[in-house]
Amino acid sequence: MIIAEKKPLPEVLGMLEGSSEVLVLGCRSCTAICLVGGEREAMETCEALALHSEIKDKGWKVRSLTVERACEREFLTPLNGFKGTVVSMACGVGAQVVQEHCPDARVVPGVNTSNMGAPEGTGTFVERCAGCGDCILHLTAGICPIARCAKSLLNGPCGGSQNGRCEVSPDTPCAWDQIVKALERQGRLDLLDANIPPRDWRPSRNGGPRRIVNAEASPGDAQRRWREGE
Amino acid sequence: MIVCYCCSRSGVPAALSALEEGGLDDVIVREVPCAGSVERWEVLRSFRQGAEGVLIVGCLLENCAHHYGSEVAARRAVLLERTVQDAGLSKGRVAMVHLAEHQPLRFRRAVEEMRAVIGTAGGQA
Ligand code: SF4
Ligand code: SF4
């Protein structure tokens, strides 16, 4: 899922100058699971903004609303025609889709979107995938060296790996130490004999926003025309 | 006005004994099943409803009927205190109180400490 962190309240308050109607929009998907942008957190931010408005006489009319998924427009119909300020508690994707859905509104981020990760115990979330666009988990025992090795090494470990810990931080396990141990457990150490060649980064971040088209679901040209408003 | 979110097992009996002895007319007790179940938005709304201070009253650490409810509540109180300050109120308006049901004095002392915090800053300022 997408992992985000709450923005400090003063930063959010600073984005609201000149607002009158403020809608704090929660998302019941990723940011709810990582405990920063679900219904409870949206209500909390809503109350905090309303309290600030009352203390400082800002006159903001604040309310909160939580949708199933802010990144899909079919869930955004309750916002149709909204022209005020939206404080998005959804990830950056959700915030942008909300802005597209409400072109006359001012959408501001209530969270900092960080990474694609998973929970580690209670209340801690760790990055797992960097969305490189050309997955090699089959070569690395299901442990991603791009996201989980500080240097994104493909043929690690580096010389700094010590006692299973990464040289960048003793709190971080060395991804390559984990990979080697996992391959050993799986009886697949032979995979380490083959050098993983330098990557072709084109499917990654180098060509602007990536577009993934599902051949069955996408109506192709018709979709393009719709997107470009023809 | 001091709003006290009191755990039904420890906070409520302690608060009720303290209230019986009088002198706590500025205290409002809100019963909750566990201190850890108090929502952050609820506490913030209390301030909008006129609270000058909020106490979250739960079990002694390691004696919580829900194991870690009281610990979670204590961490939440720290975060809430920060949020309330960021929203514009003065320091110290949210505090956690750990006690057992037979400790009404501890409850009273926490109320007095909160009164001192409010008194120094004056009302909701
Ligand atoms: S190899 Fe690429 S796609 Fe696969 S988990 Fe790592 S970053 Fe994600
Ligand atoms: S110590 Fe391990 S995880 Fe850290 S940079 Fe080196 S190989 Fe990568």
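Chain letters run A, B, ... following the sequence lines, proteins first, then strands; residues in each count from 1. On a predicted model such as this, the values are computed, not experimentally measured, just so you know.
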*More than 12 non-hydrogen atoms from neighbouring residues, nucleotides or ligands closer than 6.0 Å to CD on B:E62, yes or no?*
no
*asked:* Could you report the tightest heavy-atom contact between B:A87 and A:H52, atom names first, then the distance?
replied: O-ND1, 2.9 Å
*B:T83 and A:A48: which non-hydrogen atoms are nearest, and at how many Å?*
CG2-CB, 4.0 Å
*Got a sec: does the CZ of A:R40 have more than 12 other heavy atoms crowding it under 6.0 Å?*
no
_B:W41 to A:E47 - nearest heavy-atom pair and separation_ = O-CG, 3.5 Å
*Could you please spell out the steps behind the side chain to side chain contact (heavy atoms under 4.5 Å, CB included) verdict for B:R40 and A:E41?*
CA-CA 8 Å; B:R40 287 187 293 227; A:E41 295 81 16; 4.1 Å; yes
_B:R45 side, atom CZ; A:C46 side, atom SG - distance, nearest 0.5 Å_ = 7.5 Å
*Around A:Q162, counting heavy atoms of other residues, nucleotides and ligands shown, do more than 12 lie under 6.0 Å from its CD?*
no
_For the CG atom on A:N163, are there more than 12 heavy atoms of other groups (residues, nucleotides or ligands in this structure) within a distance under 6.0 Å?_
no
_Other residues, nucleotides, ligands: >12 heavy atoms within 6.0 Å of A:F75 CZ_ = yes
